[in-house]
Amino acid sequence: MPKPAPARAHTAQDTTVDLLVIGSGTGMAAALAASELGSQALIIEKTPYVGGSTARSGGAFWIPNNPVLRKAGATDTPARAAAYVDAVVGGTSPRARWETFLAHGSAAVEMLQRMTPMRFMWDKEYSDYQPEQPGGSAMGRSCECVPFDANELGSERSRLRGGTMEAPLPMPVTGKDYRWLNLIAKVPGKGLPTAATRAIQGIGGLALRRDYVAGGQALAAGLYAGVLRAGIPVWTETSLVRLVSEDGRVTGAVLEQDGREVTVTARQGVVLAAGGFDHDMAMRHKHQSAALENWSFGAEGNTGDAIKAATEIGAGTALMDQSWWFPAVAPLPDGAPSVMLAERSLPGSFIVDDAGRRFTNEAQDYMSFGQRVLERERQGDPVGTMWMVFDQEYRNSYLLAGGLFPRMPLPAAWYEAGIAAKADSLSELARGIGLPEEAFTATAERFNELAAAGVDEDFHRGSSAYDRYYGDPTVRPNPNLRPLSGKTFYAVKVVLADLGTCGGVTADERGRVRHEDGSPVEGLYAIGNTAANVFGKSYPGAGATIGQGLVYGYVVARDAAGRLMEAA
């Protein structure tokens with residue numbers, strides 16, 4: 001649960017600014033870009049905490065051919081990046097949208113380097129999600145913030161939104177670190193030094209009155225530090241009520257704080273950056289699936305407010321059936337799902353549907369996994385309850401659910417709640433979780449046969465460099481495949497969660513919201529998950545959701561100020 005927030009720093013009042021930004025995730029990039037141009041920006045945030053879903057994320061950003069990559073020696077070109085995005089998007093998003101993203105990516109990162117105290121690094125070898133496509137990179141294009149001292153926020157530190165996972169010790173674990181910490185029992189030569197380095201940094205930092213954070217916490221804290229340094233006010237606990245228009249142009253918004261309405265007039269425009277409709281289950285059931293539960297990892301304030309406000313004045317929408325799907329360990333009663341990232345890729349495990357069958361490449365990117373689950377539902381053959389099956393060697397070797405270290409027993413509460421089972425044979429395991437015994441054991445036999453050969457002829461697990469990134473390099477010839485063996489077997493229930501929705505209002509290549517007829521809504525912009533995904537129905541690489549938010553934050557600020565073409 002979030003820690004109590006400090007007393008609110010700002011009282012909402014009628015005022016006029018240049019750029020009004022609704023949402024404090026990647027919306028902070030829009031405010032920073034505006035401030036650098038000399039524009040007066042104001043950020044409003046619905047909840048008591050700053051950072052949005054960005055603070056709860058892994059914190060990576062996917063921006064091809066950016067200066068961080070170039071400085072680190074990565075090989076990338078505008079032509080390769082364009083070929084890759086063209087291939088993965090496949091016409092599901094307007095070409096001009098993603099071309100603008102590519103054209104302004106470097107400038108956006110350079111702006112962040114100037115306007116914040118953050119330093120960035122390349123997550124080398126974190127493969128693009130579809131590296132086999134033209135222009136794809138197995139070395140990857142994802143970057144992240146190096147561990148950041150959150151105490152730079154001063155008295156605002158407690159206003160920073162917390163993360164999804166918290167280590168039992170103060171260890172600022174980056175995305176690059178996670179790979180080797182997950183393999184600490186199998187590759188101790190890399191895992192142990194990584195753990196020691198981060199523990200020393202975290203614990204030693206406390207002695208120096210530094211509070212090092214990593215991942216989404218680092219990125220959100222760094223953005224917020226830049227916002228504070230630039231003197232940009234952030235009104236927390238302030239909600240969007242409705243947009244204000246005059247002669248067809250959006251001129252501001254009516255906001256609510258403590259039950260009191262105020263009007264903010266925006267000379268240059270309003271930026272909608274308030275996330276998606278992650279926690280509005282009526283919208284999700286209407287646009288996505290009636291079977292979905294409220295299992296999103298998105299910030300709790302993401303209830304589609306900005307999307308609703310835009311559609312009330314005639315904005316169009318697109319891709320409303322899409323989310324950044326994320327399979328997760330099923331929650332305990334009244335609890336939340338537990339993160340699964342590498343677990344699906346590791347050898348000695350597989351996932352089955354409620355008929356006891358494998359149905360997809362378990363190691364593929366999480367959005368594609370979720371799309372396959374919903375595709376089955378649309379085809380009239382729903383996956384139903386999913387189970388990840390593994391053996392004792394797997395349990396002895398890898399982290400599970402972000403907090404269970406190798407050899408740790410599964411929590412008794414998991415067994416009691418029926419989200420885990422343990423048995424002395426695969427047949428007994430099938431009976432224990434209510435799967436057809438014959439179908440399940442046949443699936444296990446087939447999987448073991450393929451795993452022994454090192455080639456997944458059924459679903460091609462391990463054929464992509466992305467699959468192999470989270471595999472076990474000590475297992476050969478395929479780091480994602482090993483037959484299940486031994487005398488003890490486990491099953492853990494898997495649910496389809498998400499990192500947030502990624503369908504929303506339609507926007508053009510300048511980030512301007514469009515009416516249903518395609519004409520622009522003057523004075524209104526949308527970025528991040530409030531806008532329909534720049535990449536259509538695809539997820540090009542780790543941090544593509546944050547990357548597009550940061551870049552389009554830069555784009556819309558410059559467009560609103562009449563300065564976009566200067567940076568082209």
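Residue numbers start at 1 and run along the sequence shown. In this text the structure is predicted, and so the values were computed from the model without any measurement.
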Exercise for review: For residues Leu435 and Val352, determine if any side-chain heavy atom of one lies less than 4.5 Å from a side-chain heavy atom of the other.
Suggested key: yes
**Study point:** Backbone N/O of Gly59 and side chain of Ser57: donor-acceptor pair under 3.5 Å
**Key:** yes
Check your understanding: If you measure only the distance, is there a donor-acceptor pair under 3.5 Å linking the side chains of Gln364 and Thr360?
Key -> yes
**Study point:** Set of residues satisfying salt bridge (charged side-chain N to carboxylate O under 4.0 Å, His left out) with respect to Arg461, sequence neighbours excluded
**Key:** Glu362
Point to revise | Spatial distance of atom OG (Ser93) from atom CG (Asp86) [nearest 0.5 Å] | key: 11.0 Å
Point to revise | Intermediate values then yes/no, side-chain contact (heavy atoms from CB on, under 4.5 Å), Thr443 and Phe350 | key: CA-CA 10 Å; Thr443 293; Phe350 60 87; 4.2 Å; yes
Practice item. Could you please spell out the steps behind the side-chain contact (heavy atoms from CB on, under 4.5 Å) verdict for Arg358 and Asp353? Key: CA-CA 6 Å; Arg358 287 182 73 209; Asp353 59 17; over 6 Å; no
Point to revise | Beyond-backbone contact of Phe359 with Arg372, side-chain heavy atoms, under 4.5 angstrom | key: yes
Point to revise | Test log, rule side-chain contact (heavy atoms from CB on, under 4.5 Å), inputs Gln548 and Val551 | key: CA-CA 5 Å; Gln548 64 181 284; Val551 174; 5.9 Å; no
Point to revise | Stepwise side-chain hydrogen bond (donor to acceptor under 3.5 Å, both in side chains) check, Glu45 with Thr47 | key: CA-CA 6 Å; Glu45 165 58 44; Thr47 74; 2.7 Å; yes
Exercise for review: Check side-chain hydrogen bond (donor to acceptor under 3.5 Å, both in side chains) between Tyr178 and all other residues, then give those that pass, not counting sequence neighbours.
Suggested key: none
Practice item. Keeping the roles fixed (side chain from Thr174, backbone from Ala214), state whether a donor-acceptor pair exists under 3.5 Å. Key: no
Review point. If you take all heavy atoms of Phe440 and Ala430, which pair is closest and at what distance?
Key: CD2-CB, 3.5 Å
Practice item. Enter the distance from Thr441:OG1 to Leu429:CG here, rounded to the nearest 0.5 Å. Key: 11.0 Å
**Study point:** Validation row: Gln392, Tyr490 side chains within 4.5 angstrom (heavy atoms)
**Key:** yes
Review point. Sub-3.5 Å donor-acceptor pair from the side chain of Trp122 to the main-chain atoms of Gly140, do we have one?
Key: yes
Study note, to complete from the structure: Between the OG1 atom in Thr164 and the CG atom in Leu499, the distance rounded to the nearest 0.5 Å is 8.0 Å
Point to revise | Tyr398 and Tyr394 aromatic ring geometry - parallel, tilted or perpendicular at 30°/60° bounds | key: perpendicular
Practice item. Could you go through the side-chain contact (heavy atoms from CB on, under 4.5 Å) check for Leu496 and Glu377 one step at a time? Key: CA-CA 13 Å; Leu496 184 58; Glu377 182 179 313; over 6 Å; no
Exercise for review: Please step through side-chain hydrogen bond (donor to acceptor under 3.5 Å, both in side chains) for the pair Glu343 and Tyr470, ending with a clear verdict.
Suggested key: CA-CA 8 Å; Glu343 289 89 339; Tyr470 279 125; over 6 Å; no
Point to revise | Donor-acceptor contact present, side-chain Asn480 to main-chain Asp467, <3.5 Å | key: yes
Practice item. Evaluate the salt bridge (Lys or Arg N to Asp or Glu O under 4.0 Å) criterion for residues Asp354 and Lys493: first the C-alpha distance (whole Å), next the side-chain angles of each, then the deciding distance (0.1 Å), finally the verdict. Key: CA-CA 11 Å; Asp354 63 3; Lys493 186 180 290 187; over 6 Å; no
Exercise for review: Take Ser296 and Asp498 through the side-chain hydrogen bond (donor to acceptor under 3.5 Å, both in side chains) test and state the conclusion after the steps.
Suggested key: CA-CA 5 Å; Ser296 179; Asp498 61 80; 2.7 Å; yes
**Study point:** Side chains of Thr54 and Ile546 in contact at under 4.5 Å (non-hydrogen atoms)
**Key:** yes
Study note, to complete from the structure: So OG1 of Thr26 and CE of Met28: to nearest 0.5 Å the spacing works out to 8.5 Å
Check your understanding: How about Asn529 and Asn302: does a side-chain donor come under 3.5 Å of a side-chain acceptor?
Key -> no
Point to revise | Donor-acceptor pair, side chain of Ser24 and main chain of Gly51, under 3.5 angstrom | key: yes
Review point. Salt bridge check: are Glu300 and Arg56 linked by an N-O gap of less than 4.0 Å?
Key: no
Check your understanding: Is the backbone N or O of Thr303 less than 3.5 Å from a side-chain atom of Lys308, with the two atoms forming a donor-acceptor pair by type?
Key -> yes
Check your understanding: Between Tyr466 and Glu132, does any side-chain donor sit less than 3.5 Å from a side-chain acceptor?
Key -> no
Check your understanding: Within the distance-only criterion (no hydrogens, no angle test), does the side chain of Arg395 pair as donor or acceptor with the backbone N or O of Met408 below 3.5 angstrom?
Key -> yes
Practice item. Could you tell me if the ring centre of Phe369 sits under 6.0 Å from that of Trp325? Key: no
Exercise for review: Check the pair Glu375, Arg378 against salt bridge (Lys or Arg N to Asp or Glu O under 4.0 Å), reporting the backbone distance first and the verdict last.
Suggested key: CA-CA 5 Å; Glu375 179 185 16; Arg378 288 192 295 269; 6.0 Å; no
Point to revise | Note: Asp177-Arg198 ion pair, threshold 4.0 Å (strictly below) | key: yes
Check your understanding: Is it true that a side-chain atom of Asp278 and a backbone atom of Thr501 form a donor plus acceptor pair closer than 3.5 Å?
Key -> yes
Review point. Looking at Phe489 and Gly486, what are the two nearest heavy atoms and their distance?
Key: CZ-O, 3.4 Å
Review point. Does a side chain donor of either Asp128 or Trp62 reach within less than 3.5 Å of an acceptor in the other side chain?
Key: yes
Practice item. Please tell me if the side chains of Gln288 and Met281 come closer than 4.5 Å, counting only heavy atoms from C-beta onward. Key: no
**Study point:** Residue pair Tyr129 / Tyr366, side-chain donor-acceptor N/O under 3.5 Å
**Key:** yes
**Study point:** Asp472 and Arg482 ion-paired at < 4.0 Å
**Key:** no
Check your understanding: What closest approach, in Å, do Leu319 and Thr92 show between heavy atoms, and which atom pair accounts for it?
Key -> CD2-O, 4.1 Å
Check your understanding: With side chains defined as the heavy atoms from C-beta onward, is the minimum distance between Ile307 and Phe277 less than 4.5 Å?
Key -> yes
Exercise for review: Might you point out which heavy atoms bring Met171 and Ala195 nearest each other, and give the distance in Å?
Suggested key: CE-O, 3.6 Å
Study note, to complete from the structure: Between the CG atom in Asp424 and the NZ atom in Lys487, the distance rounded to the nearest 0.5 Å is 9.5 Å
Check your understanding: Between Glu449 and Arg446, is a salt bridge (Lys or Arg N to Asp or Glu O under 4.0 Å) present by the stated rule, with each step listed?
Key -> CA-CA 5 Å; Glu449 174 188 337; Arg446 172 66 174 168; 3.6 Å; yes
Review point. Considering only heavy atoms from C-beta outward, does the side chain of Val455 approach that of His460 to under 4.5 Å?
Key: no
Review point. If you count the non-hydrogen atoms of other residues, nucleotides and ligands that lie under 6.0 Å from NZ in Lys176, is the total more than 12?
Key: yes
Review point. About how many Å separate NZ of Lys286 and CG of Asp321, when rounded to the nearest 0.5 Å?
Key: 13.0 Å
Check your understanding: Hey, are the side chains of Val495 and Met340 touching, using non-hydrogen atoms and a 4.5 Å cut-off?
Key -> no
Review point. Will you find, in the side chains of Ser323 and Arg284, an N or O donor that is under 3.5 Å from an N or O acceptor?
Key: yes
**Study point:** Main-chain N/O of Leu181 paired to Thr194 side chain as donor or acceptor, under 3.5 Å
**Key:** no
Check your understanding: Under the 3.5 angstrom rule, does the side chain of Arg141 hit a backbone N or O of Tyr126 as a donor-acceptor pair?
Key -> no
